[in-house]
Amino acid sequence: MNRRKALEIAGYAGFFWLCFFMFAYWTFPYDRVTAFVTDKVAQSGMGYTMEVGELAPYWFTGVELEDVKLRKQGAVEDITPSKDGKPKADDAFHIKEARARIGILSFVFGSTALNFDAELEQGEIEGSYEESDDGKHVQASLSSVDVGKLGLLDSVISL
């Protein structure tokens, strides 16, 4: 086989894989992923519900969530004003924007790696999560975060 024929075959194969990944990326059912995630949070047994405003792709292996609200089950968002005319405080944990990316190579080696960052109403969280045979490891840095609002995360991780 000559060089021209090999380049032609490589070009067609490369074009196929480029088209395959781009169309898979563009047509991925993100609305179904949103429904799956909110159902999993509700069924987790931890007593929380989750609402997601929008879920979209982020780079190639990640997702971006906007306008996320986590609240205790049974708590209803009450926007009626109190007796003094001010709106009542919402007990929900609001996340303006969150991004998470999965490490593909970690799956090849039998572990899980996830990098995340979130912009909250007040402050930001940035970190990583790793799970392997040795155990789980969470590392996060919080800046200007109201730690009192993080009370709902006590059941997930120890603070």
Side-chain angles (χ1 to χ4, degrees), residues 1-71 73 77 92-147 149-159:
M1 181 163 34
N2 61 18
R3 181 182 168 108
R4 185 175 190 278
K5 184 73 171 173
L7 286 175
E8 187 176 312
I9 291 172
Y12 283 125
F15 180 71
F16 166 78
W17 287 111
L18 175 72
C19 290
F20 175 79
F21 285 120
M22 294 306 295
F23 287 118
Y25 184 77
W26 288 332
T27 61
F28 194 80
Y30 289 100
D31 53 338
R32 295 185 87 188
V33 172
T34 303
F36 176 78
V37 169
T38 55
D39 288 346
K40 281 295 186 184
V41 169
Q43 295 170 359
S44 69
M46 297 198 185
Y48 292 100
T49 59
M50 181 171 139
E51 298 172 22
V52 177
E54 183 181 349
L55 188 134
Y58 181 71
W59 287 93
F60 191 71
T61 62
V63 292
E64 180 174 31
L65 296 99
E66 292 183 6
D67 193 27
V68 178
K69 295 179 185 176
L70 276 168
R71 66 172 44 95
Q73 284 182 344
E77 185 175 359
F93 183 72
H94 296 269
I95 302 171
K96 290 181 183 178
E97 249 182 31
R99 287 167 292 283
R101 288 186 61 198
I102 293 177
I104 297 282
L105 290 178
S106 63
F107 283 122
V108 172
F109 297 112
S111 63
T112 303
L114 175 79
N115 294 321
F116 59 88
D117 64 282
E119 181 183 332
L120 311 174
E121 279 186 324
Q122 297 175 347
E124 296 178 355
I125 298 175
E126 189 175 327
S128 63
Y129 168 83
E130 296 176 11
E131 183 177 343
S132 64
D133 294 338
D134 299 336
K136 298 177 184 178
H137 178 73
V138 177
Q139 180 179 350
S141 25
L142 292 76
S143 64
S144 305
V145 174
D146 181 10
V147 181
K149 283 276 198 172
L150 292 177
L152 65 91
L153 295 178
D154 279 341
S155 58
V156 180
I157 58 174
S158 60
L159 297 173

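Remember, it's a predicted structure, so these values are computed and weren't measured experimentally.
- A heavy-atom distance below 4.5 Å is found between the side chains of L70 and V41.
- Between the CD1 atom of I102 and the OG1 atom of T112 there is a distance of 8.0 Å, given to the nearest 0.5 Å.
- Side chain of T61 to backbone of R101: no donor-acceptor contact under 3.5 angstrom is found.
- When all heavy atoms of A140 and F116 are compared, the pair lying nearest together is CB-CZ, 4.3 Å.
- To the nearest 0.5 angstrom, E97 atom CD is 5.0 Å from E66 atom CD.
- Applying the side chain to side chain donor-acceptor pair (under 3.5 Å) test to N115 and every residue at least two apart in sequence or in another chain returns nothing.
- Within 6.0 Å of CZ in F16 there are more than 12 heavy atoms belonging to other residues, nucleotides or ligands.
- Rounding to the nearest 0.5 angstrom, the gap separating the CG atom in D117 from the CD atom in E64 is 9.0 Å.
- In this structure, A118 and I95 approach most closely via the heavy-atom pair CB-CG2, 4.1 Å.
- Here NZ of K96 is found 5.5 Å from CD of E119. Values are rounded to the nearest 0.5 Å.
- Interatomic distance, CG of D31 versus CD of E54, reported as 11.5 Å (0.5 Å rounding).
- Proximity of L55 to V33: side-chain heavy atoms (C-beta onward) are separated by under 4.5 Å at one or more points.
- Qualifying ring pair (Phe, Tyr, Trp, His ring centres under 6.0 Å) partners for Y25, counting only residues two or more places apart in sequence or in other chains: F60.
- Summarising the geometry, atom NE2 belonging to H137 is positioned 6.0 Å from atom OG belonging to S128; distances are rounded to the nearest 0.5 Å.
- Between M50 and V68 the shortest side-chain heavy-atom distance falls below 4.5 Å.
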